[in-house]
**Student:** 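Next up is a structure, given as structure tokens.
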Amino acid sequence: MDKLATVEQVSKNILRVLALNPGPFTLQGTNTYIVGSGPRRTLIDTGDGAEPEYLALLRKSLGSCRIDQILLTHWHLDHIGGLSKMLSDTSITTPDCRAFKNSHSGVDGQQRVAEALAAAAKSGRLFDIRDSQEFCLDGAVIKAVFTPGHTEDHMAFTVDEGSGPMLVTGDLILGQGTTIVDDLAPYMDSLQRVLGIQPAALLPGHGPVIHSTGDAVKVIEGYISHRNMRERQILAVLGRETAGRRRAWSVADITSDIYPEVTDPRVILAAQHNVTLHLQKLLAQGKVDRAGGNDALWVLRSAAANI
Ligand SMILES: [Zn+2]
């Protein structure tokens, strides 16, 4: 994995600033983006709020400029955790700075997230984001793209400086590897939606920026075809016949069949989670069923299946 620069000029009016929170789920840390020209800038995502070094880096990157709007891609702590500290720090934000986050979804019982959002809401400075909402600023136009799936509230943002939309992807698409998904059917729809944008670049929440339309499209198509391949494999396993009969399969058995190379127990758990997401999507589409009402076993609903 190449080491990411902590600060990178992505385009004329976009600066990527790494939130300095590396970890197993954040790769080298969360990318945050300062957008715009002139003295008032927009910040997309805020890191997890635990690293004073990141806030210092942000101050240094801003110089005499200040953030007057903060856009949040989704509720995960590594994207919104820095919000309250920033809103109360006039060396980073203007006193009238406003924050925007889509209001869908709870926060899965995560207290620090709930507290951070409640504090911003109480100050009257946290606002909803609608799909396609535009944010005008000096040097760019930002537009929200509702992209649920990674989480229920997920928003990506196009940033257009006049030469085509670049896409800030949040955790919909990462700069390397694959992302974790809450709900697969809307996630696949979200990938199709951003593919339709034909973005000029992908600015991910984690990992390196992807710099051309050709590479951006290749990455999005790769995400789609990888998930579709797994779905075909699951349907093929469930449709397999032994002596003319199909059997019912557990998630664990399907997983070991289609991920034979995986032996690390943590990776097996992640793979089983993926298989479960696919089965839930296929169940909703009427292609699979639970065997005889048994929660643990799955069968093909053969009449509806299209392998
Ligand atoms: Zn996330």
Side-chain angles (χ1 to χ4, degrees), residues 1 4 16-33 43-51 54 70-86 99-117 120 126 128-129 131 144-159 167-191 193-194 199 202-210 219-220 223-224 226-227 266-267 269-271 273-274 276-277 280:
M1 197 185 293
L4 273 183
R16 182 183 61 77
V17 183
L18 192 63
L20 306 179
N21 56 330
F25 294 108
T26 62
L27 305 177
Q28 293 175 60
T30 306
N31 289 322
T32 67
Y33 295 94
L43 181 70
I44 302 181
D45 281 344
T46 65
D48 66 12
E51 286 73 22
Y54 163 60
I70 296 174
L71 310 182
L72 300 164
T73 56
H74 65 294
W75 67 263
H76 283 163
L77 188 66
D78 58 317
H79 295 259
I80 69 131
L83 179 63
S84 53
K85 268 188 199 154
M86 287 182 191
F100 296 84
K101 182 198 154 302
N102 180 261
S103 59
H104 278 80
S105 101
V107 294
D108 277 2
Q110 291 208 17
Q111 201 180 348
R112 273 184 69 198
V113 175
E115 283 170 6
L117 290 174
L126 181 63
D128 192 12
I129 305 176
D131 183 35
V145 187
F146 185 44
T147 42
H150 172 73
T151 54
E152 199 185 339
D153 63 340
H154 195 281
M155 283 281 177
F157 298 97
T158 58
V159 181
L167 187 73
V168 177
T169 66
D171 285 355
L172 173 68
I173 296 164
L174 307 186
Q176 59 211 148
T178 56
T179 190
I180 294 166
V181 173
D182 270 356
D183 193 346
L184 194 56
Y187 180 76
M188 297 303 288
D189 291 344
S190 294
L191 288 175
R193 185 165 185 209
V194 298
L202 298 178
L203 284 56
H206 306 274
V209 170
I210 292 151
V219 167
I220 302 167
Y223 268 57
I224 294 170
H226 176 76
R227 299 279 179 180
R266 287 166 307 177
V267 184
L269 277 182
H273 174 67
N274 270 333
T276 303
L277 287 172
Q280 286 164 347

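Every number for a ligand or one of its atoms is a count from 1 in the order of the listing. Quick note: numbers below take in every heavy atom, side chains included, and nothing from hydrogens, waters or symmetry partners.
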**Student:** Assess the side chains of T73 and D45: does a donor N or O sit below 3.5 Å from an acceptor N or O?
**Tutor:**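 Their side chains do contain a donor-acceptor pair, which is all the 3.5 Å distance test asks for.
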**Student:** Got a donor-acceptor contact below 3.5 angstrom from the R193 side chain to the F146 backbone?
**Tutor:**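 Between the backbone of F146 and the side chain of R193 there is a qualifying donor-acceptor contact (under 3.5 Å).
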**Student:** For a side chain to side chain donor-acceptor pair (under 3.5 Å) with Y54, tell me which candidate from D48, N21, T46, T32 qualifies.
**Tutor:**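 Single side chain to side chain donor-acceptor pair (under 3.5 Å) partner of Y54 among D48, N21, T46, T32: T32.
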**Student:** Parallel, tilted or perpendicular, judged at 30° and 60°: which one describes the rings of H206 and H79?
**Tutor:**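 Rings of H206 and H79: perpendicular, over 60°.
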**Student:** Just to verify, which of H74, H76, K101 counts as forming a side chain to side chain donor-acceptor pair (under 3.5 Å) with D153?
**Tutor:**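 Result: among H74, H76, K101, K101 is the only option passing the side chain to side chain donor-acceptor pair (under 3.5 Å) with D153.
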**Student:** Which protein N, O or S atoms lie under 2.8 Å from the Zn ion (ligand 1)?
**Tutor:**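 Result, waters dropped: H74 NE2, H76 ND1, H150 NE2, D171 OD2.
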**Student:** Using atom types as modelled and distance alone, determine if a side-chain donor or acceptor of Y33 lies under 3.5 Å from a backbone N or O of P204.
**Tutor:**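 Yes, the answer is positive, given that a donor and an acceptor are paired below the 3.5 Å cut-off.
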